[in-house]
Amino acid sequence: MNATHQYLFDAARAARLGDPPPPAPGTHDLAVLRAARDRRRFARVLAGRPARGGLRTALSRAVLFGAVLFGASRSGPSRTAPSRTASSRTAPALCRRPAD
């Protein structure tokens with residue numbers, strides 16, 4: 001049973017008992033996310049850290065750590081097309097059939 005089925009059961013039960021129907025699934029999702037964000041910010045203030053910018057700082061640290069760890073440049077991969085030479089079109093020596 002998913003949330004929609006449960007909502008329909010609860011709405012039918014509320015209608016039968018004369019109670020107000022429950023809120024539809026997803027009605028208060030944004031309010032819950034905002035409340036969680038506000039609580040996180042408040043906890044950061046109590047801990048003496050800046051209330052904003054924590055996610056951006058963590059992501060930039062992760063990007064920098066990944067660049068150092070994997071040896072990539074911070075600007076990202078090069079967007080130049082690979083050169084087309086005759087050697088790139090031929091199979092390696094191990095894949096070729098021996099000459100008869």
Side-chain angles (χ1 to χ4, degrees):
M1 179 181 334
N2 61 21
T4 304
H5 292 135
Q6 185 64 47
Y7 168 73
L8 292 173
F9 285 134
D10 291 341
R13 184 182 310 122
R16 190 175 62 239
L17 297 175
D19 294 337
T27 302
H28 302 292
D29 287 354
L30 289 178
V32 169
L33 291 175
R34 285 187 193 111
R37 180 194 62 201
D38 291 345
R39 183 164 178 85
R40 233 181 2 257
R41 284 182 179 172
F42 183 67
R44 289 179 65 85
V45 169
L46 291 180
R49 296 188 308 263
R52 299 190 63 186
L55 180 62
R56 182 174 292 170
T57 303
L59 288 175
S60 67
R61 242 184 282 132
V63 167
L64 181 62
F65 178 72
V68 170
L69 184 64
F70 298 114
S73 67
R74 191 171 171 99
S75 63
S78 172
R79 296 188 182 260
T80 59
S83 62
R84 303 257 184 203
T85 60
S87 62
S88 67
R89 293 184 195 151
T90 59
L94 297 175
C95 297
R96 291 187 197 139
R97 296 167 87 188
D100 291 328

task = Taking all heavy atoms of Pro22 and all of Ala14, pick out the closest pair and write down the distance.
result = CD-CB, 4.4 Å
inquiry  = Please enumerate all residues that pass salt bridge (Lys or Arg N to Asp or Glu O under 4.0 Å) together with Arg13, with sequence neighbours excluded.
reply    = Asp10
message = Would you compute the distance between atom CG of Leu8 and atom CD of Gln6 and round it to the nearest 0.5 angstrom?
response = 9.5 Å
ask   = Would one find more than 12 heavy atoms of other residues, nucleotides or ligands at under 6.0 Å from atom CZ of Arg37?
value = yes
Least distance between heavy atoms, Ala3 atom then Pro25 atom = O-CG, 3.9 Å
query = Out of curiosity, Arg41 CZ to Asp38 CG, how far, rounded to the nearest 0.5 Å?
reply = 6.5 Å
